[in-house]
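Have a look at the structure below, then the notes.
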Amino acid sequence: MIYQAAVARWGETADCRLVGNYAAISAMPDGSLRLARSPWNAPPLYYANNCERAVASPLLRALFAAGVPRDLDYDYVIDQLAYDFRDGDDACWYRGVSKVPQGSVTILKCGSTQTDCWYRVDDICRSDPRGAAERALELVRDASEHALNIADSPALALSGGLDSSITASCLIEALPASQQLKTISFGQDSEWPGASSPDSMGNEIPLVREFARMHPRISVHVADPAIGDFDHRTREMAAAMQIFAPGLANVGKFHGIYAKASQLGCDTLFSAELANQSFSADGRWAYAEYARAGKWGELLRLLANRPGDDRPILRKIAALSILPHLPAAARRGLRALVHPQRRDMVRLLTPLSVEALGNQRSRAALRGSQSDWEDLTFPLNRQQAARHDYLAADSVGEDVNLAFEQLYGVRRRDVTAYRPLIEFCIGLPTESFACGGAERKLAKQMAKGRMPEEQRLNPRYGQHNADWHTRIGRRRGTLLTGIAAMRDHEFLSRTLDLDRIETLLRDWPEQPSLDIDADWPRMLAIPRAVLAAQFIGLIEGRNDL
């Protein structure tokens with residue numbers, strides 16, 4: 001009703017005037033349907049439109065119930081397995097079905113479709129960096145107040161890092177003085193040996209508890225560590241979404257967070273996921289930007305303090321500051337000289353067969369897309385980083401969040417998905433984020449006095465699935481049985497490199513090596529092969545996959 005009133009009053013400019021996280025369908029006086037999604041964060045919105053019908057919904061199930069054919073595009077599944085997410089493409093999982101992009105309005109008439117992408121990151125104005133930390137905190141407080149308006153009994157997913165902790169401190173300030181803030185954190189598998197990469201932390205609970213001691217109104221809860229396998233309830237998730245989301249391989253532990261929130265009687269689960277695109281951005285585009293601008297003093301201090309990177313300084317300059325400026329072919333060639341096994345990162349990390357990946361690359365070249373791993377470099381400047389973040393925000397993650405809500409009956413709200421906050425931070429110069437030898441400068445300034453100094457100055461990132469090796473390792477027998485079933489499926493046996501997946505499972509190291517070449521294919525390719533098979537089985541009505 002509110003959105004409809006805004007459209008009636010302001011017409012085509014209504015979305016420019018609104019701040020919120022929405023997917024809206026409006027029936028217009030001329031008989032057309034007006035579909036809209038907010039920028040940065042919005043539920044999905046799918047539609048099918050021809051002379052027979054125009055139907056739209058955040059749920060694909062609703063389209064199929066209305067008679068839209070469920071004609072799966074198997075090539076789209078392959079694109080996802082190749083990490084080619086086709087950013088900005090309105091095509092989707094089923095032939096004849098499209099998706100409204102974020103920050104866009106789509107008008108459906110009988111057989112005709114018109115989309116206007118009204119929101120552009122390049123149009124965001126510059127922000128005054130003076131007093132930036134205070135202004136950003138003020139905006140997080142505003143976002144917290146708005147979020148609390150829709151929640152009677154909220155909980156916050158809390159890590160040991162900066163993002164959710166800063167958000168927690170602002171939520172406490174916005175809550176009535178007598179009310180506690182429930183928080184839920186990840187627990188690691190009881191058999192996990194404790195190994196994690198040098199720049200990450202696998203066990204964040206000690207930092208969470210120290211933070212809570214500083215804020216007595218925080219009530220700490222830990223998700224059941226027994227919940228967290230990559231395929232936990234994935235068939236139910238796929239049934240709710242009707243799509244294949246490869247990222248499900250990384251979010252098994254979120255089931256524990258939602259289950260705990262439901263157990264605590266919470267109606268809303270808060271998060272701070274878009275903080276990395278706003279106040280908690282690490283500023284690593286500065287590696288290339290400072291080199292191009294000749295700011296060598298700043299660059300050298302930044303690279304010298306780069307977390308978890310003990311390479312010689314000249315090698316860091318070559319890899320992080322000079323390489324991004326070279327042509328793509330030169331970048332790939334130089335990387336292959338240093339890391340021969342990473343000559344083809346897509347091949348290293350995907351479960352696709354050589355033939356399937358080759359065909360996918362040919363199709364991608366024709367439409368002008370490519371895998372995220374085809375030529376991965378840090379952005380060259382602040383503007384390029386913002387564009388990348390905006391495209392990445394429009395992902396299947398919103399379908400996943402909607403599925404979690406349906407499974408657990410708990411609404412999800414990202415407190416930091418607040419346009420004024422995001423746009424203020426994007427408008428700040430690079431020096432606000434990476435300066436004086438420190439990354440994430442703005443977030444660290446905001447955190448002063450709000451968390452223990454050990455936590456505030458901790459350079460490591462949280463790794464919620466640090467126990468992946470333990471979880472996959474103990475299930476190898478079951479997973480190998482599943483591989484055998486895939487061999488009898490025409491599409492899967494042709495599309496997946498099942499011999500390689502089987503070898504990765506059989507040749508299982510006792511401990512993770514913490515090396516990309518050995519760990520990442522097991523951590524990424526194996527789960528994605530299994531989840532793809534489960535999804536195909538769901539769509540085709542098979543129980544053996």
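Values reported hereafter were calculated over all heavy atoms of this structure, with side chains retained and with hydrogens, waters and symmetry mates removed. Predicted model, so just to flag it, every value in this text is computed and none were measured.
Annotation: W520 is in aromatic contact with W373 [ring centroid separation under 6.0 Å]. For Y94 and F64, the gap between ring centers is short of 6.0 Å. When ring centroids are compared, W285 and F378 stay outside the 6.0 Å threshold. Ring pair Y119/Y390: centre-to-centre distance below 6.0 Å.
Side chain of S185 to backbone of L158: a donor-acceptor contact under 3.5 angstrom is found. Formation of a donor-acceptor pair under 3.5 Å by the Y258 side chain with backbone atoms of R412 is not found in this model. Put simply, the side chain of D189 never gets that close to the backbone of T470: no donor and acceptor are under 3.5 Å apart. Within the 3.5 Å criterion, the main-chain N or O of A275 finds a donor-acceptor partner in the side chain of T416. At distances below 3.5 Å, not a single donor-acceptor pair connects side-chain atoms of S165 with backbone N or O atoms of L162. Side-chain atoms of S164 never come within 3.5 Å of backbone atoms of G160 as a donor-acceptor pair (strictly under, hydrogens ignored). D267 contributes a side-chain N or O that, together with a main-chain N or O of D152, makes up a donor-acceptor pair within less than 3.5 Å. Checking side-chain atoms of T495 against main-chain N and O of L492 turns up no donor-acceptor pair under 3.5 Å. Distance alone, capped at 3.5 Å, places no donor-acceptor pair between the S104 side chain and the V100 backbone. Judged by distance alone, the side chain of N49 and the main-chain N or O of K109 form a donor-acceptor pair under 3.5 Å.
The ring-ring contact (aromatic ring centres under 6.0 Å, His included) search around F85 returns none, not counting sequence neighbours. H464 is linked by a ring-ring contact (aromatic ring centres under 6.0 Å, His included) to F186, F254, counting only residues two or more places apart in sequence or in another chain. With sequence neighbours left out, Y461 forms a ring-ring contact (aromatic ring centres under 6.0 Å, His included) with no residue at all. By the ring-ring contact (aromatic ring centres under 6.0 Å, His included) test, H255 pairs with H232, F404, Y408, sequence neighbours left out.
Look at D90 and K99 and you find no salt bridge, because none of the NZ, NE, NH1 or NH2 atoms lies under 4.0 Å from a carboxylate O.
Nearest heavy atoms, P246 versus Q80: CG-CB, 3.6 Å. Contact record, L531 with A249: CD1-N, 3.4 Å, taken as the closest heavy-atom pair. The two residues P379 and Q384 make their nearest non-hydrogen contact at CA-OE1, 3.2 Å.
Stacking of R86 on the aromatic ring of Y76 is not recorded, the 6.0 Å distance cut-off and the 45° axial limit not both being met.
Sparse packing is recorded around CD of E12, with 12 or fewer heavy atoms of other residues, nucleotides or ligands lying under 6.0 Å away.
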Fill in: M241 and R61: CA distance, side-chain angles, deciding distance, side-chain contact (heavy atoms from CB on, under 4.5 Å) verdict
CA-CA 8 Å; M241 295 184 292; R61 302 195 311 277; over 6 Å; no
Worksheet item: What's the verdict on side-chain contact (heavy atoms from CB on, under 4.5 Å) for L498 and R487, showing C-alpha distance, side-chain angles and the deciding distance?
Response: CA-CA 7 Å; L498 297 177; R487 293 186 184 277; 3.7 Å; yes
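Judged purely by distance below 3.5 Å, without hydrogens or angles, the side chains of D399 and Q242 never pair a donor atom with an acceptor atom.
The side-chain hydrogen bond (donor to acceptor under 3.5 Å, both in side chains) analysis of residues 245-254, with sequence neighbours excluded, yields the pairs Q188-K253, K253-D467. Residues in residues 526-545 take part in no ring pair (Phe, Tyr, Trp, His ring centres under 6.0 Å) pair, two or more places apart or across chains.
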